[in-house]
Amino acid sequence: MNDGPYSLGAPARRTTRDDRVSVRWRNGQGTTQVVAETDLWRVSIADEPTSSTFSVIDGFDRLFMPIGAVPIELTGAPFGPGADPDAPDAAAGVVRHVVAPLQTIAFPGEWAPGCRVEAPTRALNVMVRRGAATATMRFGEPPRAADPAALVVLVDPVTEEAVLLPAGCVDAFEMTDPCAILTITT
């Protein structure tokens, strides 16, 4: 598969917050800046208002990490094996996840939780087409080299500078502080 600038052996790329264009969420309740994307995946950094609802993205899986200083609360009907996303909250119950800064939660794109935060903040989002791509996201020390089989995206949570390392990339790169580490395989 050809992922254009993210294909096997392509050069490293660096982006900053100033390089990115803000786009509206599908539901119009907020904005996000796309770090990188293909038809199979997207990495973005969203502005999280104090109250909003996630957009439904059918057929995709999501990873979500608050990168500001405050936790983000997600609430909605239960999701996962055996959960009925169409059941009313009263019958299905409500799940509540409080996601601490620099922690990751994974959930299906069909889940559209309510989102509350005590002050506007930012969050890193990864969306991958289910069955065609997979992703992981964690916070930690950056790797010293690109992954031979996956795209690696490193995001500084303070400056929001991102380094994109396509699979097999041999370019030198500099990211020395702990960062969000995303790995995407197609």
Side-chain angles (χ1 to χ4, degrees), residues 1-26 30-49 52 54-55 57 60-72 99-107 109 115 117 120-129 132-186:
M1 156 159 259
N2 183 347
D3 282 332
Y6 316 109
S7 295
L8 180 67
R13 300 181 63 190
R14 185 176 298 272
T15 71
T16 67
R17 188 173 180 164
D18 293 338
D19 298 335
R20 302 179 200 125
V21 176
S22 290
V23 295
R24 302 282 307 158
W25 295 349
R26 279 189 182 184
T31 60
T32 195
Q33 290 183 322
V34 177
V35 174
E37 69 181 328
T38 70
D39 291 343
L40 300 180
W41 55 265
R42 179 169 91 175
V43 176
S44 63
I45 300 174
D47 290 306
E48 296 293 338
S52 64
F54 274 74
S55 299
I57 312 287
F60 280 76
D61 290 320
R62 299 177 89 133
L63 296 170
F64 177 82
M65 175 189 285
I67 59 173
V70 294
I72 296 177
V99 188
L102 307 178
Q103 298 301 306
T104 302
I105 184 172
F107 57 94
C115 179
V117 63
T121 191
R122 306 266 289 165
L124 184 58
N125 288 283
V126 180
M127 294 181 281
V128 295
R129 186 176 302 279
T134 59
T136 62
M137 181 165 57
R138 66 181 178 83
F139 184 78
E141 295 296 326
R144 299 201 185 280
D147 187 297
L151 170 71
V152 176
V153 181
L154 308 174
V155 179
D156 183 309
V158 176
T159 66
E160 296 183 15
E161 180 177 36
V163 175
L164 294 93
L165 304 167
C169 174
V170 295
D171 293 346
F173 65 93
E174 186 173 320
M175 179 79 74
T176 56
D177 292 333
C179 60
I181 304 161
L182 297 68
T183 304
I184 301 171
T185 306
T186 56

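In what follows, residues are counted from 1 in the order of the sequence shown.
- Distance check: Leu154 CG to Thr176 OG1 gives 11.0 Å after rounding to the nearest 0.5 Å.
- In the model, Thr15 has a side-chain atom that pairs as donor or acceptor with a side-chain atom of Arg20 under 3.5 Å.
- Scanning all heavy atoms of the two residues, the minimum distance from Trp25 to Asp47 falls at CZ2-O, 3.2 Å.
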> Can you check side chain to side chain contact (heavy atoms under 4.5 Å, CB included) on Arg62 and Phe54, steps first, answer last?
Replying inline: CA-CA 11 Å; Arg62 299 177 89 133; Phe54 274 74; 3.5 Å; yes
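- For the atom pair Ile184 CD1 and Thr186 OG1, the distance stands at 9.0 Å (nearest 0.5 Å).
- Counting all heavy atoms, side chain and backbone alike, Ala10 lies closest to Pro5 at CB-O, 3.3 Å.
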>> Using side chain to side chain contact (heavy atoms under 4.5 Å, CB included), reason through Met65 and Gln103 one step at a time and then give a plain yes or no.
In response: CA-CA 6 Å; Met65 175 189 285; Gln103 298 301 306; over 6 Å; no
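- Using a 4.5 Å cut-off on side-chain heavy atoms (C-beta onward), Val128 and Leu40 make no contact.
- Within the 4.5 Å cutoff, the side chain of Phe107 has no heavy atoms near those of the Asp61 side chain.
- Residues Glu160 and Gln33 are in side-chain contact: their nearest non-hydrogen atoms beyond the backbone lie under 4.5 Å apart.
- For the pair Thr185 (side chain) and Thr134 (backbone), a donor-acceptor distance under 3.5 Å is absent.
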>> Under the criterion side chain to side chain contact (heavy atoms under 4.5 Å, CB included), I'd like the reasoning laid out for Ile45 against Asn125: C-alpha separation, chi angles, the key distance, then a yes or no.
In response: CA-CA 6 Å; Ile45 300 174; Asn125 288 283; over 6 Å; no
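- Of all the heavy atoms in Pro11 and Cys169, the pair that sits closest is C-SG, 4.0 Å.
- Residue Asp39 qualifies as open at atom CG: its count of foreign heavy atoms under 6.0 Å is 12 or below.
- Within the 3.5 Å criterion, the main-chain N or O of Ala12 finds a donor-acceptor partner in the side chain of Asp171.
- Counting heavy atoms from C-beta outward, Pro120 and Pro49 have side chains that stay 4.5 Å or more apart.
- Remark: Met127 CE to Ser55 OG distance equals 8.5 Å, nearest 0.5 Å.
- When all heavy atoms of Cys115 and Ile72 are compared, the closest pair comes out as SG-CG2, 3.4 Å.
- Heavy-atom minimum distance, Ala146 versus Pro166: CB-O, 4.0 Å.
- In this structure the side chain of Val163 never reaches within 4.5 angstrom of the side chain of Arg13, judged on heavy atoms.
- The distance from the CG atom of Leu151 to the CG atom of Leu164 is 6.0 Å, given to the nearest 0.5 Å.
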> Hey, mind stepping through Val126 and Trp41 against side chain to side chain contact (heavy atoms under 4.5 Å, CB included) and telling me if it holds?
Replying inline: CA-CA 7 Å; Val126 180; Trp41 55 265; 5.7 Å; no
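- Annotation: the span from Thr31 atom OG1 to Arg24 atom CZ amounts to 6.5 Å, rounded to 0.5 Å.
- Here the shortest heavy-atom pairing between Cys179 and Val155 reads CB-O, 3.3 Å.
- Within the 4.5 Å cutoff, no side-chain heavy atoms of Phe64 are placed close to those of Leu124.
- To the nearest 0.5 Å, the span separating CZ on Arg138 from CG on Leu102 amounts to 12.5 Å.
- Thr159 places none of its side-chain heavy atoms less than 4.5 Å from the side chain of Thr16.
- Electrostatic pairing of Glu48 and Arg122 does not count as a salt bridge here, judged by no charged N lying under 4.0 Å from a carboxylate O.
- Counting only N and O atoms by type, the side chains of Ser44 and Thr32 include a donor and acceptor under 3.5 Å apart.
- Residues Phe139 and Pro101 form no side-chain contact, since every pair of their non-hydrogen atoms from C-beta on lies 4.5 Å or further apart.
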